[in-house]
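Following: one structure in structure tokens, then a few remarks.
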Amino acid sequence: SLEELILVGSAAFITSIIGGVAGYGTGLLMPLVLVPLIGPQAVVPVLGVSAIFNNLSRIAAFRHDIAWEHVWRISLVAAPFCYLGAAFYAELSGPGAAILIGSALIILVPIRRWLKQLKKTLSPPAITGAGALFGLVTGGVPGGGIILISLLMTLGVTGGATIATDAMISLLVGFVKIGTFQSYGQLPWDSWALAALIGTIGIPGAFCAKWISSRLSVTVHTAIMDAMVMIGGALLIARGWNMI
């Protein structure tokens, strides 16, 4: 209905601003609006397509801040695991997985701060493992972007570079995701139309987010992103408990 479309459009614009500032948010918040309207089975494919629009707009807004070294090293690992996650996403979206991932993300914030104080960084095998986990999760459940944001922040990427690098990696991995869903028949034309609506309305939100981010110090921006990671982890835990 028209009222439902207005609700979806409003949510898409708001979450695109949140995602542009925090690096993620659409995948965690939009399901709250979409599940009652289109059912849980269609949510992941629809958000997979709409994310292409969101990430393109973030890349356009933050294009000068992309950390290309991290883009390639993470994308090449994440892409094949994203295919596996998308192919088996129904099995990967259980309550146990949501609780485990949410708990890990909350714990990751103090661990990242501890590593920074020790002036230590993740080893190459740890980065590879985290990239594989991101690909697997983002292919199978909405909200996997908080893993990537946490990884980039742990690698020392800050400010607009976090948003830009996250968007580029998510874009490349996202093509694998929607290609897999399309091949499995999970994206009929009406799903593409709804995803295009969500993605198009979200485009100006990315530029609003850049305006907001440019007026924040790196310390404040990092604190906001830490808080969003912990909130996202709590939402995943709550979602998991509700599914039990």
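FYI, side chains are in, hydrogens and waters are out, and symmetry mates aren't considered; it's all heavy atoms of this structure. Along the sequence shown, the residues carry numbers beginning at 1.
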**Asked** Quick one: salt bridge (Lys or Arg N to Asp or Glu O under 4.0 Å) pairs with a partner in residues 67-80, sequence neighbours left out?
**Response** Glu69-Arg73
Shortest non-hydrogen separation from [X] to [Y] and the atoms involved:
X: Phe181; Y: Ala86; result: CE2-O, 3.5 Å
X: Ile52; Y: Gly174; result: CD1-C, 4.0 Å
X: Gly199; Y: Asn54; result: O-OD1, 4.0 Å
X: Phe134; Y: Ala78; result: CD2-CB, 3.7 Å
X: Leu56; Y: Leu171; result: CD2-CD2, 3.8 Å
X: Ala79; Y: Val176; result: O-CG1, 3.6 Å

**Fill in**
Residues passing the ring-ring contact (aromatic ring centres under 6.0 Å, His included) test with Trp68, sequence neighbours excluded, are Trp72
Euclidean distance, [Y] [atom2] relative to [X] [atom1], rounded to 0.5 Å:
X: Ile169; Y: Asp166; atom1: CD1; atom2: CG; result: 7.0 Å
X: Phe81; Y: Leu133; atom1: CZ; atom2: CG; result: 10.0 Å
X: Phe53; Y: Ile201; atom1: CZ; atom2: CD1; result: 11.5 Å
X: His70; Y: Ile127; atom1: NE2; atom2: CD1; result: 7.5 Å

Residues in side-chain contact (heavy atoms from CB on, under 4.5 Å) contact with [X], at least two apart in sequence or another chain:
X: Ala51; result: Asn55
X: Ala161; result: Asp65, Val157
X: Val77; result: Thr128, Ala132

**Item:** The single option from Thr165, Ile163, Thr162 passing side chain to side chain contact (heavy atoms under 4.5 Å, CB included) against Phe62
**Value:** Ile163
**Message:** What I'd like to find out is whether the side chain of Val173 reaches to under 4.5 Å of the side chain of Thr138, using heavy atoms alone.
**Reply:** yes
**Message:** Would the distance check show the side chain of Ser50 and the main-chain N or O of Leu47 forming a donor-acceptor pair, the cut-off being under 3.5 Å?
**Reply:** yes
**Message:** Checking one residue: Phe207. Which other hydrophobic residues are in its cluster under the side-chain 4.5 Å linking rule?
**Reply:** Ile203
**Request:** Using the rule that two of Ile, Leu, Val, Met, Phe, Trp, Tyr join whenever any of their side-chain heavy atoms come within less than 4.5 Å, decide whether Val71 and Leu76 are in one cluster.
**Result:** no
**Prompt:** Leu5, Ile14: one ILVMFWY side-chain cluster at the under-4.5 Å cut-off?
**Reply:** yes
**Request:** Decide yes or no on side-chain contact (heavy atoms from CB on, under 4.5 Å) for Phe175 and Ile178, but give the supporting numbers first.
**Result:** CA-CA 5 Å; Phe175 285 127; Ile178 63 175; 4.3 Å; yes
